[in-house]
Amino acid sequence: MTQEELFKKLIAHSKEYGFVFPSSEIYDGLSAVYDYGQNGVELKNNIRRYWWEAMTKLNENIVGIDAAIFMHPQTWVASGHVGAFNDPLIDNKDSKKRYRADVLIEEWMDKQREKAEKEVEKARKRFGDSFNEELFRKTNPRVLEIEEKINAVNHRMVQALEQNNLVEIKKIIEDCEIVCPISGTRNWTDVRQFNLMFETKLGSVSDDASTIYLRPETAQGIFVNYINVQKTGRMKIPFGIAQVGKAFRNEIVARQFIFRMREFEQMEMQFFVRPGEEMQWYEYWMEKRMRWHRAMGFGDNKYRFHKHEKLAHYANAASDIEFEFPFGFKEVEGIHSRTDFDLANHQKHSGKKLQYFDPDINQSYIPYVIETSIGLDRTFLLVLSAAYAEEKIAKEDGTTDERVVLRIPPALAPVKLAVFPLVKKDGLPEMARKIMDDLKFDFNCQYEEKDTIGKRYRRHDAIGTPFCITVDHQTLEDETVTIRYRDTMEQERVPASRLRKIMSEKVSLTNLLRQI
RNA sequence: GCGGGAGUAGCUCAGUCGGUAGAGCAUCAGCCUUCCAAGCUGAGGGUCGCGGGUUCGAGUCUCGUCUCCCGCUCCA
């Protein structure tokens, strides 16, 4: 089976077993938006809890918040998103390459400048020692002509960008006869504005309402609350603030199932440190976050670090944790050293002091920030794709059988255990119900009596239920039941009275957290 | 956005030359009782993604459109 086939099967399996549905599917769906189903929501909640507890429970100096999705519009000016998430783009129809229109024009201007320089060089060779460069630049008609052209284009471009005049930008590209560096043609599409932030209106009357954005990242909710949390929680540097929540990006191309969605959930932690100590904390969190991933037990070789060579506007170091998805190694988490970029800009734009007084060194400063940012939906996809397995089983009569099993870590599995009566009579259902009623306060359980026992086992394999409890005739005699293990398909007979203790141990999130 | 592929029952798919929409699995009810999906009987479930056009007649031909998958592109 190719990886592509595997991925398709995974998507089909996700739908068939109630993990992920296309959004508003009865209306044909909505591009790159998905809903979590009855099993998906359980798995997602469990992953979220695993992260949340790993952050806030295991670290005394990390606390959580839950900031609103709507934020003051100035937030996004300060963070740089209004500038950086707003690009005029143009496509070349022949090479199918996409460019930033303003970059194309700037590159054209650079080329013109090179031309002028060549004229100057030529003249320098011709005139030798008597060459007066300044005079030549001021008087040579060719150089003057080029410079005039550059200035005119630059003026037009700046004005067009300011007025957001996309038609004019395209006209500049046409007038300058700019060609695609790849295809060499001038077969361009219209210039389009891509704003990655979703806009909406705050206020009921749209006329005097102000435009606000759906947050494109959750981090800013932490930065604007940093001083509140620090003061009211009496936090001392180094400390962290964790948050889980939805973020929204109007991606040009959203693809690969739930890997890149327009509405997605981030689990972010911003760790505030003393300036100059950021690199050691950066290393610390890279290592610590990798351990969190590996504790899930999908295999260390499935993960790798990817160091960013080209850094974002706010960072002085950045690495991704990549996981080997069916479509290749892809980012699930970023660990970024964001310097004091965000806090310093919020201080500047808000006029509020965001400094921290450090009693140890008797100094005030704006803290530096190490960010760990992981996609919850991506982690969900990670767990599903790592857990999904198709197995061949040798049967007693020599034939082979197949089963689909999700080897989800028990602590994360949507349903922890299923309780079955072996047959639907002789008082076995009643006995099974009684056991189920006792266990349901502690675990997410399901009771099933329909179909043969084998079918019921397979059904629960398919949704990743790690344990099946079967009540048989012997149970009526000595109150023992069997536990059937999902991964090995082996069974073990235990007293029903011990079930709660045994299961607590096996599905414990605490035990998973201890492995980090 | 461009190129390729796809869309028929909950799932996987068949549907010939344009002539009354099918199978297996699943679901539900009943029978049977057996620890690894396959027994028996019956039932429900479809505007063939959506909308035009051609035709006496369209799941099938044609045009448009939407959605999904793959590649390019984009990606704090």
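Here is the naming used below: chain letters follow the sequence lines, and residue numbers restart at 1 for every chain. Here the structure is a predicted model, which is why all the values come from computation and not from measurement.
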- Note on the structure: dist A:Arg459:CZ -> A:Tyr457:OH (nearest 0.5 Å) comes out at 12.5 Å
- Query: Got a second to check how far A:Glu333's CD is from A:Arg289's CZ, nearest 0.5 Å?
  - Reply: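 Going from CD on A:Glu333 over to CZ on A:Arg289, the span is 4.0 Å.
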Nearest to the [X] side chain among [options], which nucleotide is it?
| X | options | result |
| --- | --- | --- |
| A:Lys450 | B:C70, B:A29, B:C11 | B:A29 |
| A:Lys455 | B:C75, B:U33, B:A26 | B:A26 |
| A:Val423 | B:A29, B:C70, B:U33 | B:U33 |
| A:Tyr17 | B:A37, B:U27, B:C11 | B:A37 |
| A:Leu422 | B:C35, B:U27, B:C28 | B:C35 |
| A:Arg260 | B:U27, B:C74, B:C36 | B:C74 |
| A:Lys425 | B:C28, B:C35, B:U33 | B:U33 |

Who is the Watson-Crick or G-U wobble partner of [N], with both distances under 3.5 Å?
| N | answer |
| --- | --- |
| B:A9 | none |
| B:U54 | none |
| B:G71 | B:C2 |
| B:C36 | none |
| B:G46 | none |
| B:G18 | none |

Give [X] one of three labels, base, sugar-phosphate or nothing, depending on what nucleic acid heavy atoms sit under 4.0 Å from its own.
| X | value |
| --- | --- |
| A:Phe257 | sugar-phosphate |
| A:Tyr34 | sugar-phosphate |
| A:Ala12 | sugar-phosphate |
| A:Thr470 | base |
| A:Gln474 | nothing |
| A:Lys330 | nothing |

- Taking atom types as modelled and ignoring hydrogens, do the side chains of A:Ser14 and A:Tyr34 form a donor-acceptor contact shorter than 3.5 angstrom? no
- How about A:Tyr303 and A:Glu324: does a side-chain donor come under 3.5 Å of a side-chain acceptor? no
- Message: Determine whether a donor-acceptor pair (one donor, one acceptor, N or O, separation below 3.5 Å) exists between the side chain of A:Asp461 and the base of B:C36.
- Response: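 No.
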Distance in angstrom units between [X] [atom1] and [N] [atom2], rounded:
| X | N | atom1 | atom2 | value |
| --- | --- | --- | --- | --- |
| A:Lys15 | B:G7 | NZ | P | 14 Å |
| A:Gln256 | B:C75 | CD | C1' | 11 Å |
| A:Phe327 | B:C69 | CZ | P | 10 Å |
| A:Arg459 | B:C25 | CZ | C1' | 13 Å |
| A:Asp35 | B:C68 | CG | P | 13 Å |
| A:Phe21 | B:U67 | CZ | C1' | 17 Å |
| A:Leu428 | B:U33 | CG | C1' | 11 Å |
| A:Lys8 | B:G5 | NZ | C1' | 7 Å |

Between [M] and [N], how far apart are the [atom1] atoms? Round to whole Å, please.
| N | M | atom1 | answer |
| --- | --- | --- | --- |
| B:G44 | B:U34 | P | 32 Å |
| B:A58 | B:G5 | C1' | 24 Å |
| B:G7 | B:C48 | P | 15 Å |
| B:U20 | B:U60 | P | 14 Å |
| B:C36 | B:G4 | C1' | 42 Å |
| B:C13 | B:C74 | C1' | 36 Å |
| B:C31 | B:C70 | P | 47 Å |
| B:G22 | B:U33 | P | 36 Å |

- Heavy-atom pair of closest approach, residues A:Glu331 and A:Arg378: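 That closest heavy-atom pairing would be O-NH1, 3.1 Å.
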- Sort out for me which residue in A:Phe264, A:Phe380, A:Phe19 forms a ring-ring contact (aromatic ring centres under 6.0 Å, His included) with A:Tyr36. A:Phe380
When the side chains of residues 367-376 of chain A are checked against the rest of the protein, which donor-acceptor pairs come out under 3.5 Å, sequence neighbours left out?
residue, atom, partner, partner atom, Å
A:Glu371, OE1, A:His336, ND1, 3.3
A:Glu371, OE1, A:Arg338, NH1, 3.4
A:Glu371, OE2, A:Gln270, NE2, 2.9
A:Glu371, OE2, A:Arg338, NH1, 2.6
A:Ser373, OG, A:Glu268, OE2, 2.7

- Hey, what's the ring geometry for A:Tyr226 with A:Phe272, parallel, tilted or perpendicular (30° and 60° as the breaks)? tilted
- Query: Only one of A:Ile212, A:Leu214, A:Val224 clears side chain to side chain contact (heavy atoms under 4.5 Å, CB included) with A:Met71; which?
  - Reply: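 The single option meeting the side chain to side chain contact (heavy atoms under 4.5 Å, CB included) with A:Met71 is A:Val224.
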- Residue whose nearest RNA chain B nucleotide is more 5′ - A:Glu16 or A:Val404: A:Glu16
- Message: Check this for me, if you would: do A:Asp461 and A:Arg484 make a salt bridge, where the nitrogen-to-carboxylate-oxygen distance has to be below 4.0 angstrom?
- Response: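 Here A:Asp461 pairs with A:Arg484 in a salt bridge, since their nearest N and O are under 4.0 Å apart.
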- Message: Can you list, in residue-number order, the parts of residues 479-497 of chain A that come under 4.0 Å of RNA chain B, counting heavy atoms only?
- Response: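 Under 4.0 Å from RNA chain B: A:Thr482, A:Arg484, A:Met489, A:Gln491.
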